[in-house]
Amino acid sequence: MDCLFCKIIKKEIPSNIVAESDSLVVFPDINPAAEVHLLIVPKKHIAGVGEIGEEYAQLLVEIFDTVNILVKKNDLTDKLYRVVVNGGKAQHVPHLHFHLLGGQWKKYV
Ligand code: 5GP
Ligand code: ZN
């Protein structure tokens, strides 16, 4: 499939993967919108929020467990952070991903 994030997951396109499990990968956004800008990406090609259903309950828990680990690792617990999922025309890569933005924001994501 011609999907940018599938290619990153298969390591056909280089990225600086900072965490990986059987079901997800984490790598920095190429064009960061905040001091910390990580993308948490399920390995399964899920096109977007509209495809999320009960079968992904465990995956979603793992994603937010990962968010909490990354928040601690990046010393964001008592600072500013947020998790963003874009959809519709706000989503540019059609493979579900969660932006973790921390520290000073630079721009809209
Ligand atoms: P979206 O707009 O779909 O929510 O976010 C897609 C994000 O992927 C953007 O913030 C963009 O900077 C990032 N991005 C696009 N191409 C690449 C790439 O080749 N490598 C990495 N690491 N990030 C990318
Ligand atoms: Zn994909």
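First listed ligand is number 1; within each ligand, the first listed atom is number 1.
- Within His95, the N/O/S atom positioned nearest the Zn ion (ligand 2) carries the name ND1.
- For atom 22 (N) of ligand 1, the closest non-hydrogen atom on the protein side is Pro28 O, 2.9 Å.
- The minimum heavy-atom distance between Ala34 and Leu101, with the atom names listed, is CB-CD2, 3.9 Å.
- Here Ala33 has no heavy atoms under 4.0 Å from ligand 1, in either its backbone or its side chain.
- Centred on the Zn ion (ligand 2), the angle running from Cys6 (SG) to His45 (ND1) is recorded as 110°, rounding to 10°.
- Using a 4.0 Å cut-off between heavy atoms, Val84 makes no contact with ligand 1 at all.
- Looking only at heavy atoms of the protein, atom 3 (O) of ligand 1 is closest to His92 N, 2.7 Å.
- Close contacts between ligand 1 and Asn31 involve ligand atoms 12 (O) [criterion: under 4.0 Å to a heavy atom].
- The single protein non-hydrogen atom nearest to atom 16 (N) of ligand 1 is Leu4 CD2, 3.3 Å, given as residue, atom name and distance.
- Ring centers of His97 and His95: at least 6.0 Å apart, outside the cut-off.
- A 6.0 Å sphere centred on NZ of Lys106 holds more than 12 heavy atoms belonging to other residues, nucleotides or ligands.
- Minimum interatomic distance between Gly103 and Leu76 (heavy atoms only, all atoms of both residues): N-CD2, 3.6 Å.
- Proximity to Ala90 (heavy-atom distance under 4.0 Å) selects the following atoms of ligand 1: 2 (O).
- The environment of NZ in Lys10 is crowded: more than 12 heavy-atom neighbours from other residues, nucleotides or ligands sit within 6.0 Å.
- Scanning all heavy atoms of the two residues, the minimum distance from Lys7 to Asp2 falls at NZ-OD1, 2.6 Å.
- Considering Asp29, Ile8, Val41, Ile13 only, the shortest heavy-atom separation from atom 12 (O) of ligand 1 involves Asp29.
- Set against the non-hydrogen atoms of Phe5, the atoms of ligand 1 under 4.0 Å away are 8 (O).
- Salt bridge absent: Glu35 and Lys79 never bring a charged side-chain N and a carboxylate O closer than 4.0 Å.
- When Ile30, Leu39, Val93 are ranked by how near their heavy atoms come to atom 21 (C) of ligand 1, first place goes to Ile30.
- Shown here for Tyr56 and Glu51, the closest heavy-atom pair between the two residues is CE1-O, 3.5 Å.
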Is there a side chain to side chain contact (heavy atoms under 4.5 Å, CB included) between Leu39 and Val93? Walk through the geometry before answering. CA-CA 11 Å; Leu39 299 174; Val93 177; over 6 Å; no
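- Against a heavy-atom cut-off of under 4.0 Å, Gln91 is close to the following atoms of ligand 1: 3 (O).
- The single protein non-hydrogen atom nearest to atom 6 (C) of ligand 1 is His97 NE2, 3.5 Å, given as residue, atom name and distance.
- Counting the atoms of ligand 1 from 1 in the order shown, those under 4.0 Å from a heavy atom of Asn86 are 1 (P), 2 (O), 4 (O).
- For the pair Ser15 and ligand 1, no heavy-atom separation below 4.0 Å is found.
- Grouping the Ile, Leu, Val, Met, Phe, Trp and Tyr side chains by contacts below 4.5 angstrom, directly or via other members, places Leu59 apart from Ile9.
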